[in-house]
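Take a look at the structure below.
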Amino acid sequence: MTELAAGDRVRILFADQLNLARGKYVPSSEARKGHARLCVGTYAVTYSKALVPAPGGGLLDGLPDMEARFDANDLRPGWEAGTQIALADLHFQGAPFPLCGRSALKRAIDGWRKHGLEPMVGMELEAYIFQRGPNGEWVPYETPGAFVYGTGPFTDPAGLIDDIWAMAARCGLPIESINAEFDAPQFELTLRYADALRAADDVFLFRQMARELLIRRGYLLSFLPKPFAEKSGSGLHFNISFTEHSGRNAFADDVANGEPSRLMAGCIAGLLQHHEALAAIMAPLTNSYARLQPASLSGYWANWGIDHRSVTVRVSAETGAAARIEHRLADCAASPYFALAAALQAALLGYEKGYELPARETNDGLETTVTDRHTPHSLPEALDALEADTVLTETLGTELVANFIAIKRQEVLELEGKSEAEQIAYYLHFI
């Protein structure tokens, strides 16, 4: 964190429901106020800027202002020259704005703190890199020597990952690891675990930094869930644990004891109980459902297992401080704030209400599974499932969810009848 310096400009940022990094630049003299006003109508538009009378979006109420509030003495280093970052919480008419994803995440964290537990999260992101083709079109980055877990110039001949790594270090964004994935030119980018809010902030800024850094070099870093029909999809995995007041990992002994504790069992049960509804929030594009397929290692089935990559909730084989559960459903089109809030609230519901833990996955999870429950097959079906899951929606915030559903249903209408290539073109520059 840095204090405001004279002469700097400040880039005020927040993530909206579409996971777009919205905000504005202001001079340091203006940033000292700790707030800025923006139109609430940012929550009434689709990617194509179609206006939607979504609940809370203000379209039918004169498009009033909301306020982005931040601590002017607690800024993040930026990746642009002379620019610092202010991460804002949104307020409306003097109260926290119901559509603010960052505020929703804070509420979810507070729910766990009432039990004396601090949610800790590490996130893994997957993305493809594109370069310009001979006619100016976006084509896959040429990495002919790439292979899974590859590193170095055969995997990344232009040194793009080196640039991302160096800038992340300058910005205080803690990388845990980066490597090539199974399909080229796909990369896995993992950030170090932190408390849930810091983890979401870091991922939000890291994703924006990396995309902006590469676009200036003439490349496109895309987190689109399924940009190539013949290649693996790109996901966003949440690695979740909880720290007790003593500093001990509450999951430390679960695997060693041979079965999940009440805490871990409740978390897994909650995530699986609300599996279909969570898909809408965590896989929020029409393109997301090309990734969520059987035998895709993507979080399709409502199942769990220990050190099993073909399940949605994977219990790590590690114990002690590194013990955790990994939720594998989401993709990076999801707002990390909204999606993580949903995951933590679903897990909390399972723990507090004592949901029954389903049988552990003992099959391969590819051709055979212990469950017949799975994510919906399309975004419209997922939105219906989310709307029907009133227990989860009321916990997250009814207006927050209603706004999201309204915007996404308009998005579905805009893409109705479009080819796969046309849908990818619609999303590519935003995701």
Side-chain angles (χ1 to χ4, degrees), residues 122-131 138-162 164-165 175-191 203 206-207 210-211 214 219-239 282-283 285 287-301 303-318 324 326-334 361 363-369 374-375 420 424 427-428 431:
M123 300 192 206
E124 305 170 33
L125 305 87
E126 294 166 333
Y128 282 92
I129 299 178
F130 292 77
Q131 65 186 40
W138 289 116
V139 298
Y141 176 37
E142 292 184 12
T143 58
F147 49 88
V148 65
Y149 292 117
T151 57
F154 286 102
T155 293
D156 177 26
L160 305 178
I161 297 302
D162 293 343
I164 291 172
W165 192 291
I175 294 172
E176 180 173 294
S177 66
I178 299 180
N179 57 269
E181 270 286 4
F182 182 83
D183 282 311
Q186 187 187 42
F187 293 84
E188 179 180 273
L189 310 109
T190 303
L191 298 194
V203 161
F206 177 84
R207 176 183 177 275
R211 281 174 52 80
L214 263 58
Y219 296 87
L220 179 65
L221 180 65
S222 175
F223 293 90
L224 200 65
K226 191 73 171 177
F228 306 108
E230 72 282 5
K231 295 180 183 285
S232 303
S234 293
L236 169 64
H237 298 174
F238 296 126
N239 292 274
M282 297 186 174
L285 307 183
N287 180 255
S288 297
Y289 296 83
R291 169 182 168 263
L292 289 172
Q293 295 291 323
S296 62
L297 308 180
S298 65
Y300 175 78
W301 295 107
N303 56 356
W304 74 279
I306 297 176
D307 202 17
H308 195 321
R309 281 184 168 80
S310 295
V311 300
T312 292
V313 184
R314 174 178 175 250
V315 179
S316 171
E318 295 188 81
R324 64 195 183 277
E326 178 189 9
H327 193 251
R328 300 166 58 85
L329 190 160
D331 63 58
C332 290
E361 183 62 75
N363 297 317
D364 58 36
L366 299 171
E367 295 183 357
T368 57
T369 65
H374 53 75
T375 58
E420 181 179 298
I424 290 172
Y427 289 123
L428 189 61
I431 307 300

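The analysis underlying the following values was restricted to heavy atoms, covering all of them including side chains, and did not include hydrogens, waters or symmetry mates.
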### Query
Could you give the distance from NZ (Lys226) to OG (Ser288), rounded to the nearest 0.5 Å?
12.0 Å
### Message
Checking Thr312 now: which residues fulfil side-chain hydrogen bond (donor to acceptor under 3.5 Å, both in side chains) with it, not counting sequence neighbours?
### Response
none
### Message
Would you say that Glu181 contacts Leu189 through its side chain, given a criterion of any heavy-atom pair below 4.5 Å between the two side chains?
### Response
no
### Message
Assess the residue pair Leu224 and Leu285 against the criterion (side chain to side chain contact (heavy atoms under 4.5 Å, CB included)); give the C-alpha distance rounded to whole Å, side-chain angles, the decisive distance to 0.1 Å, and a yes or no.
### Response
CA-CA 9 Å; Leu224 200 65; Leu285 307 183; 3.8 Å; yes
### Task
Would you check if Lys231 and Tyr128 make a side-chain contact, meaning some heavy-atom pair closer than 4.5 Å?
yes
### Message
Tell me the closest heavy-atom pair linking Ser296 and Arg291, and the distance in Å.
### Response
OG-O, 3.3 Å
### Query
Atom CD in Gln186, atom OG in Ser222: separation rounded to 0.5 Å?
10.5 Å
### Task
Could you pull out all residues at least two apart from Asp307 that satisfy side-chain hydrogen bond (donor to acceptor under 3.5 Å, both in side chains)?
Arg314
### Query
With under 30° as parallel and over 60° as perpendicular, where do the rings of His374 and Tyr300 fit, or are they tilted in between?
parallel
### Task
Look at the side chain of Glu126 and the backbone N and O of Cys332, then say whether any donor-acceptor pair between them is shorter than 3.5 Å.
no
### Query
Which pair of non-hydrogen atoms, one from Thr155 and one from Ala180, has the smallest distance, and what is that distance?
CG2-CB, 3.4 Å
#### Entry: Least distance between heavy atoms, His327 atom then Val313 atom
CD2-CG2, 3.7 Å
Show me, pair by pair, the donor-acceptor contacts under 3.5 angstrom made by side chains of residues 138-148, not counting sequence neighbours?
unit_1 : atom_1 : unit_2 : atom_2 : d
Trp138 : NE1    : His429 : NE2    : 3.0
Tyr141 : OH     : Asp156 : OD1    : 2.6
Tyr141 : OH     : Ala158 : N      : 2.9

### Query
Do Glu326 and Arg328 meet the salt-bridge criterion of a basic N to acidic O distance under 4.0 Å?
yes
### Task
Please lay out, stage by stage, how Phe206 and Ile164 fare under the test side chain to side chain contact (heavy atoms under 4.5 Å, CB included).
CA-CA 9 Å; Phe206 177 84; Ile164 291 172; 3.8 Å; yes
### Query
So how far is it from Thr190 OG1 to Leu125 CG, rounded to the nearest 0.5 Å?
7.5 Å
### Task
Please answer whether the main-chain N or O of Val311 pairs with a side-chain N or O of Asn303 as donor and acceptor at a distance below 3.5 Å.
no
## Note on the structure
Note: Leu329 and Met282 closest approach over all heavy atoms is CD2-CB, 3.7 Å
#### Entry: Polar side-chain atom of Arg211 near backbone of Leu221 as donor-acceptor pair, under 3.5 Å
yes
### Query
For Trp304 and Val315, what are the C-alpha separation, side-chain angles and deciding distance, and is it a side chain to side chain contact (heavy atoms under 4.5 Å, CB included)?
CA-CA 7 Å; Trp304 74 279; Val315 179; 4.0 Å; yes
### Test item: Tyr289 and Leu292 side chains (from C-beta on) under 4.5 Å apart, heavy atoms
yes
### Task
Indicate yes or no: at least one non-hydrogen side-chain atom of Leu191 is less than 4.5 angstrom from one of Met123.
no
### Passing option when Ile161 is tested against Ile178, Ile175, Thr151 for side-chain contact (heavy atoms from CB on, under 4.5 Å)
Ile178
### Query
Which atom names give the shortest non-hydrogen contact between Pro227 and Pro225, and what distance separates them?
CD-C, 3.8 Å
### Query
In Å and rounded to the nearest 0.5 Å, what is the CZ to CG distance from Arg309 to Leu297?
9.0 Å
#### Entry: Gap between atom NE2 of His308 and atom CG of Asn363 - 0.5 Å precision
7.5 Å
### Task
With side chain to side chain contact (heavy atoms under 4.5 Å, CB included) as the test, would you mind laying out the steps for Leu160 and Phe187 before giving the verdict?
CA-CA 11 Å; Leu160 305 178; Phe187 293 84; over 6 Å; no
#### Entry: Atom of Thr375, atom of Gly299 and distance for their closest heavy-atom approach
CG2-O, 3.6 Å
### Task
Report the distance from atom CG of Asn287 to atom CG of Asp331, rounding to the nearest 0.5 Å.
8.0 Å
